[in-house]
Engineer: 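Pasting a structure below so you can have a look.
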Number of protein chains: 2
Amino acid sequence: MREKPIQKQVFSRFLKERGQRFTKERSAILEKTMSRNGHFEPETLYIEIRKAGAKASRASVYRTISLLCECGLIEQVRKTEHGTVYERSFGHEHHDHMLCIGCGSAIEFYSDKLERLQEDLCRQQGFQGTTHTLEIRGYCRKCQKKKKQT
Amino acid sequence: MREKPIQKQVFSRFLKERGQRFTKERSAILEKTMSRNGHFEPETLYIEIRKAGAKASRASVYRTISLLCECGLIEQVRKTEHGTVYERSFGHEHHDHMLCIGCGSAIEFYSDKLERLQEDLCRQQGFQGTTHTLEIRGYCRKCQKKKKQT
DNA sequence: TTATAATTGAGAATGAGTCTCAATTACAAT
DNA sequence: ATTGTAATTGAGACTCATTCTCAATTATAA
């Protein structure tokens, strides 16, 4: 018998505080988001949940994703022409992304220097920063090689 | 009699190179984008063009915006739940944004240190960066005051 | 002037995300 | 356990930005 995973505790506590319920649909959706390592989109998640035999409608997937964002277990990475990309933030330190134009792969990176520099910049502007997103677009190693060959 | 503005030269040259035409619709759309100083969205642009008496359909506005992005006269700033935000990049040095959660206002800023740091980070990862976007979300001075009052 | 190919606009189509509402379910109080 | 209340669910309608279609128009080169 395993303990209730900490994410479930977090989510159900969050819901209870707001007079909301931790249903099996929400539980199924939470599980799937937490099992995913990389980036994901609502539709993909919905299909996976369906495949896994759990029942949860598209509407519930969207609704639950919003809740998970609000309680900080996942976060929006970016919006693309194909939809919104999310990632698990629980047990996943803050980081930024390099995004390959060639193959779509993403590199996660973190720089303390960068974080501090941003704080400085906010101070200079009298701005009270709370979150940020830095996305560097370009070519990953593989795609650099491909380009050279052509 | 004034000279043909440089942006028009850039755009028409760009089009000619690709065997495309510099039509009056495209010209009207170009003019409006270049007259705008801040951020804008396609729909807003379309309405303004309509008001100004020029004729250009929504479809042409969207099509021309794509072209202007490709030739580098404007660029995408971000995608929101309400649509895509663009800004003029011609005669507008590279910069990043601080975005106020309270009132939606945007502060533009530029930091050489930041640019160099990003180059370093790319080098470290073997990534060939071409563009980037940094968005810091938080509260502008005004909204900080408002929060305190409450 | 003419042939050719690019462009246009109106409206249809697409697709992500949200909303509606009747049916279901969780929970608290009895 | 039963019941009352309010939250939740899912199917599909709806919204809204954006793209597509295609017949009519227009620019350009010969």
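Just so we're clear, the structure is a prediction, and the values are computed from it rather than from any experiment. Each chain gets a letter, A, B and so on, in the order the sequences are listed, and its residues count up from 1.
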Engineer: Expressed in angstrom and rounded to an integer, what is the separation of B:Lys79 atom NZ from C:dG17 atom P?
Structural biologist: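 After rounding, the gap between these two atoms is 11 Å.
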Engineer: Answer yes if the side chains of B:Tyr62 and B:Arg58 hold a donor-acceptor pair under 3.5 Å, and no otherwise.
Structural biologist: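 B:Tyr62 vs B:Arg58: no donor-acceptor pair found between side chains.
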Engineer: Counting just side-chain N and O atoms, does A:Thr23 come under 4.0 Å of either OP1 or OP2 of D:dA7?
Structural biologist: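 It does not, given that no N or O in the side chain of A:Thr23 lies less than 4.0 Å from OP1 or OP2 of D:dA7.
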Engineer: Which one, D:dA7, D:dA11, D:dT18, comes nearest to the side chain of B:Thr84?
Structural biologist: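 Side chain of B:Thr84 sits closest to D:dT18.
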Engineer: For B:Arg26 and D:dT28, what is the distance between atoms CZ and P respectively, to the nearest whole Å?
Structural biologist: 11 Å
Engineer: Does a side-chain N or O from A:Ser60 land closer than 4.0 Å to OP1 or OP2 of D:dG10, or not?
Structural biologist: yes
Engineer: Starting at the 5' end of DNA chain D, which residue's closest nucleotide do you reach first, A:Thr64 or B:Lys55?
Structural biologist: A:Thr64
Engineer: Which pairs of donor and acceptor atoms, one on a side chain in residues 142-149 of chain B, lie under 3.5 Å apart (sequence neighbours left out)?
Structural biologist:
| from | atom 1 | to | atom 2 | distance (Å) |
| --- | --- | --- | --- | --- |
| B:Gln144 | NE2 | A:Gly126 | O | 3.0 |
| B:Gln144 | NE2 | B:Tyr139 | O | 2.8 |

Engineer: To the nearest angstrom, how far is B:Lys24 atom NZ from C:dA6 atom C1'?
Structural biologist: 13 Å
Engineer: Quick one, which residues of residues 31-50 of chain A touch DNA chain D with a heavy atom under 4.0 Å?
Structural biologist: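 Hits under 4.0 Å, by residue number: none.
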Engineer: Which label fits A:Phe14 and A:Phe11: parallel for a plane angle under 30°, tilted from 30 to 60°, or perpendicular past 60°?
Structural biologist: parallel
Engineer: Other than B:Met98, which residues form its hydrophobic cluster under the rule that side-chain heavy atoms must be closer than 4.5 Å?
Structural biologist: A:Met98, A:Ile107, A:Phe109, A:Leu114, A:Leu117, A:Leu121, A:Phe127, A:Leu134, A:Ile136, B:Ile107, B:Phe109, B:Leu114, B:Leu117, B:Leu121, B:Phe127, B:Leu134, B:Ile136
Engineer: Rounded to the nearest Å, what distance is computed from the CZ atom of residue A:Arg18 to the P atom of nucleotide D:dT8?
Structural biologist: 9 Å
Engineer: In whole angstrom, give the distance that lies between atom CZ of A:Arg21 and atom P of C:dC27.
Structural biologist: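 Between P of C:dC27 and CZ of A:Arg21: 7 Å.
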Engineer: Indicate yes or no for a side-chain donor-acceptor contact from B:Ser35 to the backbone of B:Lys32 under 3.5 Å, with no hydrogens or angles considered.
Structural biologist: yes
Engineer: OP1 or OP2 of D:dA17 versus the side-chain N and O atoms of B:Arg58: is any pair under 4.0 Å?
Structural biologist: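 So the side chain of B:Arg58 is outside the cut-off, no N or O lying under 4.0 Å from OP1 or OP2 of D:dA17.
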Engineer: Could you check how far CD of B:Glu25 sits from C1' of D:dT26, rounded to whole Å?
Structural biologist: 9 Å
Engineer: Where each residue is assigned the nucleotide of DNA chain D containing its nearest heavy atom, which of B:Arg63 and B:His82 is assigned the position nearer the 5′ end?
Structural biologist: B:His82
Engineer: For C:dT18, does OP1 or OP2 lie under 4.0 Å from any side-chain N or O of A:Tyr62?
Structural biologist: no
Engineer: Checking side chain to side chain donor-acceptor pair (under 3.5 Å) for the pair A:Lys8/A:Ser27: CA distance, chi angles, key distance, verdict?
Structural biologist: CA-CA 8 Å; A:Lys8 286 207 176 180; A:Ser27 175; 3.2 Å; yes
Engineer: Using whole Å, report how far CD of B:Gln76 lies from P of D:dT18.
Structural biologist: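 Rounded to whole Å, this separation is 9 Å.
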Engineer: Rounded to whole angstrom units, what separation is found between the CG atom of A:Leu67 and the P atom of D:dA7?
Structural biologist: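 Computing the A:Leu67:CG to D:dA7:P distance gives 14 Å.
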Engineer: Counting only heavy atoms not in A:Glu93, do more than 12 fall under 6.0 Å of its CD?
Structural biologist: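 No, not enclosed.
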